[in-house]
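Each ligand, and each atom within it, is numbered from 1 in the order the structure gives.
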Amino acid sequence: MDIAVVGGGPAGLYFAILMKKADPSHRIRVLERNKADDTFGFGVVFSDATIAEVEGADEETFREITRHFVHWDDIEVHYGGEVLRSTGHGFAGMSRHTLLRVLQERAAALGVELCFEHEVTDLSELAWADLVVGADGVNSTVRALLDERFMTGIDWRPNRFVWLGTGKPFPPFTFYFRRDEHGLWRVHAYQYEERDGEARSTFIVECREETWRRAGLEDATEEESAAFLERLFADELAGHRLVTNRSIWRQFPTVRTAAWSHANVVLLGDAAHTAHFSVGSGTRMGMLDAIALRDALAGRPLPEALAGYEAERRPKVESLQRAAQASLQWFEDTELYMEIEPLQFTFSLLTRSLRITHDDLRARDPAFLERVDRWFAAKAAEQSGRDVALRPPPPPMFTPFKLRDMTLENRVVVSPMCQYCARDGTVDDWHVVHLGSRAIGGAGLVMAEMTDVSPEARISVGCAGLYKDEHVPAWKRVVDFVHGRSPAKIGVQLGHAGRKGATKFLWEGGESEPLPEGAWELVAPSPIPYVPARSQTPREMTRADMDEVIGDYVRATHYALEAGFDFLEVHMAHGYLLATFISPLTNERTDGYGGALEGRMRFPLEVFDACRRAWPDERPMGVRISATDWMPGGIEAEDSVEVARLLKAHGCDVVDVSAGQTVHDQKPRYGRLFQTPFSDRIRHDVGIHTMAVGNISSWMDVNTILAAGRADLCVLARAHLFDPYWTRHAAWQQGWEMAWPDPYRSVARYTPRFEFRFTGEER
Ligand SMILES: Cc1cc2nc3c(=O)[nH]c(=O)nc-3n(C[C@H](O)[C@H](O)[C@H](O)COP(=O)(O)OP(=O)(O)OC[C@H]3O[C@@H](n4cnc5c(N)ncnc54)[C@H](O)[C@@H]3O)c2cc1C
Ligand SMILES: Cc1cc2nc3c(=O)[nH]c(=O)nc-3n(C[C@H](O)[C@H](O)[C@H](O)COP(=O)(O)O)c2cc1C
């Protein structure tokens, strides 16, 4: 096969090596616009785990690369006048220059034709090739020439960064956080080489756009920037100079492409996708692409091979891009974390991409983790006024948490989940068993489902209610069981379905299918149906309607108190009545209850205030919000911060941070812990307690979220449908003792085995 590789970076060269090695009869030409020894930047990083992935592909290259490695295990964080160190991270660095030289030499030795100072500007010059590989980096010409096929999306991130070098040795990977009159500066520094007894290190400086402008760096030359940063980091550099090499201030572009190939042209490495430098994976991603493309091409026709390559690599790349997004967000939001103590700050930094969990740190650096857990336990003891063991400290999820006079035994919450099996709002034995078993299952707080404040406030005819006297004893049975038979607390979520009311059950006809008969009139801030062609158009609420709804909420609050609930949550999320007031997509009012956020929040806050007045002072209240509508023009993360600020000012104790479901054509970005970043932001920006919810399913994630300060409580829904004893099982797996109810004490002498293979050694 005749192959043209455009771009002689790591991805293109490595692919050329692998293909030539796989079949020496391939004619491969690498076209590189630079000279052989030109290179921007300084070092590249690989982690121990990731370099192993390329070992088998070409052992000669692997040996040569690893021969030049500078290894380090520790990460050091300089912040708030303290230096914190965590070990066990296993990274290696090398010079990008050396990496390219190793790859060029290997490619040449195998017979790859290397053409330097050859810039490709038109694909017609590559008509000789059976396969054209666009490995020409982040600003790929190949991609641009076929952009109507590849459909590139470039997300230019707001922070500014500059890539510099220094002779200062950095035995550990080092982060500096330094504030001056212009703002906060972050440094990512690591050593990649030692030559002639002198260290060579990469020194990347990153800051917010406004910090960069305030410091006057907008018009600074490379030398002026370096001189400014040398002065700023004089203490850290200890007399070492900063070296430039095309060290211009940039913004990071996250590149995503809808397709990676067209006809005989395929993209590789940064040309197809990028991941922020703070996850240090760009070079490795390009090399893994090269391996996958080589494998896909083995014995398959070209179109099938290129499709196979993308099918193999895309999910992995997208997963890494999600991690990189979380990581870059952390560095964009670092200003928010400046109030937290150095130990928690470091833990938050180490776990920022969500790929390293609390439990991973236990394996990597048990001493560091024990310090974090002890610190967290001491804070929990102070916050709750309870004694908490410190030697050994409990896992973060098993620490108490106090809101007003309610103290929770642990930080796990059963999320409210509609059961759709009440009769005219009256709950029954199902609810006693459903909520009761989850209380026995160990969660600190069990939330009853969305419970409606009037018959017209229901989503379906099976919804639970608190709108008439007979609802109270039915709920009281549930509450008394939970209080009598478990240490759990129980809360209720008061809701009004608004325009999403009068629908069939979920399992009868999909989401929001209107009732064919017996539907009641719907009300909403504006007469906009949920699904235009299908749903009932709600009536625009009058002031009298609002007063009636407030009255319904107050009545429900009194009933909730009579039933004995410990905690009251007002449902302002998921496109129900109060949420539709908050979102500009569903509120087009012009009367003081619409318009800017203050106006849109007015009615939800009136409801909240009325409930707060009716609910005893010593009992806490929370609000569930949708932190984004996942739709342009709707609520965005920064609006939700303002929503939370207003709620705090009105005495809300905790915000339960969910997202979406406001409009039926939302475009959510699901993934593990996908809503947690909203909670993190609100908690630090507003200084209010938060609950995180959404795709939290492992106790490792719960401990990580809590210890990093991303939320005060973790709320799990489907995990609790799957396993009512989720918290107990998590305790058992972590070796944390959780007392069983008396009738179940025999479990102490039982060894759970979900799988069993006879080995002959069983007792
Ligand atoms: C500040 C910073 C720090 C980074 N740190 C790391 C790190 O620690 N670890 C890591 O793995 N990655 C890191 N990266 C990312 C890494 O540099 C890239 O992901 C990696 O180089 C991608 O390899 P590539 O071969 O796809 O593209 P590149 O390395 O960009 O190579 C593309 C090549 O194509 C050539 N070219 C471009 N257009 C043409 C054309 N029209 N004709 C001919 N030639 C052309 C270019 O000259 C270049 O040599 C970092 C990136 C930045 C910005
Ligand atoms: C069966 C079911 C019913 C739900 N009912 C409610 C509800 O009544 N109120 C609410 O705020 N969210 C409700 N949700 C959403 C969950 O509380 C939770 O926010 C969502 O499932 C994401 O959490 P998870 O990933 O842990 O499942 C429901 C979810 C499920 C699966």
Among M285, R96, H276, closest by any non-hydrogen atom to atom 28 (P) of ligand 1:
R96
Applying ring pair (Phe, Tyr, Trp, His ring centres under 6.0 Å) to H188 and not counting sequence neighbours gives F175, F277, F331
Measure L31 to ligand 1 on non-hydrogen atoms and call it side chain, backbone, both or neither using the 4.0 Å cut-off.
backbone
Classify the contact between F46 and ligand 1 as side chain, backbone, both or neither, using a heavy-atom distance cut-off of under 4.0 Å.
neither
T141 and ligand 1 - part of the residue with a heavy-atom distance under 4.0 Å
side chain
Side chain to side chain donor-acceptor pair (under 3.5 Å) partners of Q321, counting only residues at least two apart
none
Beyond-backbone contact of N159 with C207, side-chain heavy atoms, under 4.5 angstrom:
no
Just by modelled atom types, is the V45 backbone N or O under 3.5 Å from a matching donor or acceptor in the R284 side chain?
no
Considering only distance and modelled atom types, tabulate donor-acceptor pairs under 3.5 Å from the side chains of residues 570-577, sequence neighbours left out.
{"unit_1": "H571", "atom_1": "ND1", "unit_2": "A573", "atom_2": "N", "d": "3.2"}
{"unit_1": "H574", "atom_1": "NE2", "unit_2": "S658", "atom_2": "OG", "d": "2.7"}

Relative to the heavy atoms of G269, which atoms of ligand 1 are at a distance of less than 4.0 Å?
26 (O)
Is ligand 1 under 4.0 Å from a heavy atom in the side chain of Y190, in the backbone, in both, or in neither?
side chain
Apply the side-chain contact (heavy atoms from CB on, under 4.5 Å) test between L99 and each candidate in H68, Q104, M94; give the one that qualifies.
M94
Within the protein, residues bringing a heavy atom under 4.0 Å of ligand 2, chain by chain:
S415, P416, M417, C418, M450, Q493, H571, H574, R624, V693, G694, N695, L716, A717, R718
Ligand 1 contact on S140 by region, counting heavy-atom pairs under 4.0 Å
neither
